[in-house]
Structures are given as C-alpha cells and as structure tokens.
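Quantities reported herein were computed from a predicted structural model and do not represent experimental measurements. Below, chains carry the letters A, B, ... as their sequence lines are ordered, and counting in each starts from 1.
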There are 2 protein chains.
Amino acid sequence: MATSTVENYLKHMLLLSEGGEELVSMGALAEALAVVPGTVTTMVKALADSGHVEHRPRQGVRLTPAGRRVALNVLRKHRLVECFLVNVLKMDWAAVDTEAEQLEHAISDEVLDRLDALLGHPETDPHGDPIPSRQGKLDSQVYATLATCVVEKPLRIIRITDQSAEFLLFVEQNGLLPGESVRVTERNLASGLVTAKKTAGRPLALSLAAAGKILIQPAR
Amino acid sequence: MATSTVENYLKHMLLLSEGGEELVSMGALAEALAVVPGTVTTMVKALADSGHVEHRPRQGVRLTPAGRRVALNVLRKHRLVECFLVNVLKMDWAAVDTEAEQLEHAISDEVLDRLDALLGHPETDPHGDPIPSRQGKLDSQVYATLATCVVEKPLRIIRITDQSAEFLLFVEQNGLLPGESVRVTERNLASGLVTAKKTAGRPLALSLAAAGKILIQPAR
DNA sequence: CTCCTTACTTTGATTAGTCAAAATAAACGT
DNA sequence: ACGTTTATTTTGACTAATCAAAGTAAGGAG
Ligand SMILES: [Mn+2]
Ligand SMILES: [Mn+2]
Ligand SMILES: [Mn+2]
Ligand SMILES: [Mn+2]
C-alpha cells in the first residue's frame, strides 16, 4: 500500500497538472506539500522507481498511468469525504478541507463506495470541485472566472478554487456559493478591482486575484 | 500531537488493563501490537519520557492520567466510528474493527462530537463494547460469560469480546448478537463444551474458550 | 543454593521521511 | 559570450519506528 505521504505527493501532482499532460515543477510541488525542494527530489526519485511517476531531471515530473490511478482514488476520497462532512455532519465548508486531508488516507475503498451511495453519487464537492468517478474519469472542463467573464451578463457560480478557510469564509458570507446567480457590474484593470452584484444585494468589490478564484458559467 | 503509533500503544494499554490499575506486561503489549518485545521496551521508555506512562523496569507499564486521557479519546473514536459504519453505512460488523483501526487516528474531536450526535449518543458499539464518555468515563462493569454463568437461567447477551472477523461471523450466523436472549442448557468441564440454546432455535455447541468471549446478564 | 527458563532490555542496523547547506545546471540579461 | 540569478540536486545529518540477535535479571525446580 502507498503511505499517506506518497498519496499526498501523487494527489498534488494531479492537482498541479490540472487535466493536462504538462510537467509539474519540483518547486511547485515542494510549495504545495510544504517541504523543501531537496525533499521532493528525493521522494520523486523513489516514486519513479516504484513506477508512479516519470522524472525528467531539472525539468519536472509527470504521473504515469499507475500514479494517476492512485491520485484519482485519493482525490475521490478527499472530495466525497468533504461532501459527507458538509451534507451529513453539517460542518462548515471552510473547515472540511483540513479534515479531509487526513481522512482521505484512512478510508478504504469499501467505505468510499458506501459513502458515495449514501450521498447519492454527487458529481461535485461542496466547493464545486469535480469528484473523479469510480472509473477514474475527472471532469476537466475549463471555466471563466469573475476576473475574465463578460461584464453585465447574468452568471452562475460553479466552483471556488481556493481551499483556504479565510477565503471560503469570505465567499460564504457574501453569498457567492456554487449555484448562486451573480453578475459583474464593473471591472477596472488599472485599479485591479472587480465589482460583482447578486440579483438582490448590494455591490461587492473584489481584487482581480480573488475574482479569479471564482469560476462561473453564463446563466442558462 | 500524538502519532498514530503512540495512540495505538496507549489504547492497547488501556484495553489490556481493563478498568483496573494493574501493570501491563511488555510481552502482552508486544503481542497486542504485533511487534517484537524489544520495540515495546524502546517505545515505552519514550512514552515514559513524554509523561504518558509509568514504566516499572522488568515488571510492566501503567498509564498515567495524561496517557489514559489520550487512550480514552482514541477508544471513543474507535467505537463511535464502528457504530457509524454499522448503523449508517450498513457495513458488516465483522469488518468494521479493521476500518476503525485506521479511522480512529484520522478524525478530529470536532468530527467525533458530530458523529456522536448523529448517532444519538450511543453507549455501546455494535459488539456491545462500552463507549467512553466525552468526559472520559468508561463503564467497567464485570459480566458473566456463557462459560461462567448459571445453567438453565434465561440470559441476555451483552457483549462479544473478540474482534476477529471469523469469530464475529460465527456469532452473527448463530444469532448470538448483543441484545439477544439465550440460555445455557449444559456445561461439561471435562469435554470443555458448552451448549447454548436460543428461545426458538436448536442447541448450539461451543468450546469453553469461545463461550468465555460472550458476556451475558441474567435476563431482566 | 544453583541452575534453568522465561521475560525483559540492550545494541546495532534498517526504512521512510525530512531539513540545512553546499554543489550544479540551466536560463537570462546585457 | 560571460557572469549572474534561479531552480534543482546532492550530501550529510536527524527523528520515529521497527527488527534480529545478544545480553541480563528474576523466579522457580530441584
Ligand atoms: Mn492528505
Ligand atoms: Mn473541496
Ligand atoms: Mn489504530
Ligand atoms: Mn468494537
């Protein structure tokens, strides 16, 4: 069995390569895993030996099909656990990522399947992040964000791509949860400010950086 | 935070001293944890340094109040998780011990509290094992067993003190679950056989060793 | 009392995962 | 093209947890 350290390495590689086939840089991986770069080099060489990754020295690293399989399974556990914590245990959506970070390594495939059934086979977690299917298919659709969308068109919020408790709390308190309707009333590149407005609410100012973490779709 | 290894050592010390204040032998701990005795000696000395246990060289080891506190919290997690797996996820009661062995180290106190509420604050797990209270109180009542009880009196099954899947499966298939009514029709010390009979069922033969793992109470 | 058995402890080695700091390679700017 | 910056790799050391095997202490059996 893969240790939880190995599972974390593989999962973060998957997240950092977001669908595509690009190489993940050692630095980015070190940053994501909160370890020093030398540690990543060492671990990646071990993961290459065990056939989970392909290591291109001084360029980066890429998951093999075997490594991707493991990573998808861990990510599926992570996101289904988040669903469980929010929908069944009624926990705060800002707190569940930390919990799931541990639980993703502790639940068996058997428990995973039963959780999935209990929850009614959800396709996204509470943050709108897509849940890999049991067969290992992961939705990789690319969405616009509040920083890139057209102004004044009605939008639907799809996903929040920042798991930090602070940001999620901010999003929640301003009613920008996945599923909500919103539109951008103004975007000023010079000041770096975006103004968003819910159908029945006062305008809300966001930095471009923050707006870029809120994925949207044109309202149907 | 205590590592999961430390949590396992402390939990098993608690289980091996069953309520009382007796010293736990190093050999028994090694057996329970499936490690060699030398490993236990080393770990116990470290646990003594961290104030979790008191080590009497060549005699045994005992939990300090601090160590007992940790152990009770882990045991509470273990048994509540078992309840969840059986009552909510409908898993087989013979399989949940293995699952809980991992999960007991991965769930936070916050999740623990919410699970407890979801399950309606149960007092025992699916095997009849008492669940330590949030305040650290553990029921230490001593029960008779099918090997020690009086013959022909009506009994109620309270608890099964063997977590092995084989034994639990056997118990389940013969309807000896906690809560069921039963009586001992015969006990032969020479042959080491006990015969038990449910109100509406044919007689069942058990070894004294097996009968001793089934705790009972006189039916009310 | 002496020897033996048994449980326990010690010692030395191993594996997984990590960091600090030095070494190296590639890219980059002038 | 040359020196500089930056990312990556290497090296040496450390912690937690483990085992194998050798050493030691106590408690009987005679
Ligand atoms: Mn994790
Ligand atoms: Mn999420
Ligand atoms: Mn455990
Ligand atoms: Mn149990």
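Protein atom CZ of B/Arg58 is 8 Å distant from nucleotide atom C1' of D/dA26, rounded to whole Å. The distance between atom CD of B/Gln59 and atom P of D/dA25, rounded to the nearest whole Å, is 15 Å. With rounding to whole Å, B/Tyr9 atom OH is found 8 Å from D/dA17 atom P. A straight line from CG of B/Asp49 to P of D/dA16 spans 11 Å, rounded to a whole angstrom.
Atom CD of B/Glu123 is surrounded by 12 or fewer heavy atoms from other residues, nucleotides or ligands within 6.0 Å. By the neighbour-count criterion of 12 heavy atoms within 6.0 Å, atom CD of A/Glu31 is sparsely surrounded, having that number or fewer from other residues, nucleotides or ligands.
Scanning residues 28-44 of chain B for heavy-atom distances under 4.0 Å to DNA chain C yields B/Pro37, B/Gly38, B/Thr41.
No side-chain heavy atom of B/Phe84 sits less than 4.5 Å from a side-chain heavy atom of A/Val111. Using a 4.5 Å heavy-atom cutoff, the side chains of B/Asp116 and B/Arg76 are in contact. B/Pro122 has its side chain out of reach of B/Arg79: every pair of non-hydrogen atoms, C-beta onward, lies at least 4.5 Å apart.
Side-chain N/O atoms of A/Asn8 and A/His105 include a donor and acceptor closer than 3.5 Å.
Taking five base pairs at each end of the helix from C/dC1-D/dG30 to C/dT30-D/dA1, the local helix axes there meet at an angle of 10°, rounded to 10°.
The heavy-atom pair separating B/His12 from B/Leu33 by the smallest distance is ND1-CD2, 3.3 Å.
Considering only side-chain N and O atoms, A/Ser25 lies nowhere under 4.0 angstrom from the phosphate OP1 or OP2 of D/dA7. Contact annotation: A/His55 does not reach the phosphate of D/dT8 (side-chain N/O to OP1 or OP2, under 4.0 Å).
Using a distance-only test at 3.5 Å, with no hydrogens or angles considered, no donor-acceptor pair links the side chain of B/Asn174 to the main chain of B/Leu176.
Partners of B/Asp139 under the salt bridge (Lys or Arg N to Asp or Glu O under 4.0 Å) rule, at least two apart in sequence or in another chain, do not exist in this structure. Applying the salt bridge (Lys or Arg N to Asp or Glu O under 4.0 Å) rule to A/Lys77 yields the partners A/Asp109; only residues at least two apart in sequence or on another chain are considered.
Chain B approaches DNA chain C over the interval C/dA7 to C/dT10, counting the first and last nucleotide 5' to 3' with an atom under 4.0 Å from its heavy atoms.
Listed by first then second residue, pairs satisfying salt bridge (charged side-chain N to carboxylate O under 4.0 Å, His left out) with a partner in residues 88-100 of chain A number zero, not counting sequence neighbours.
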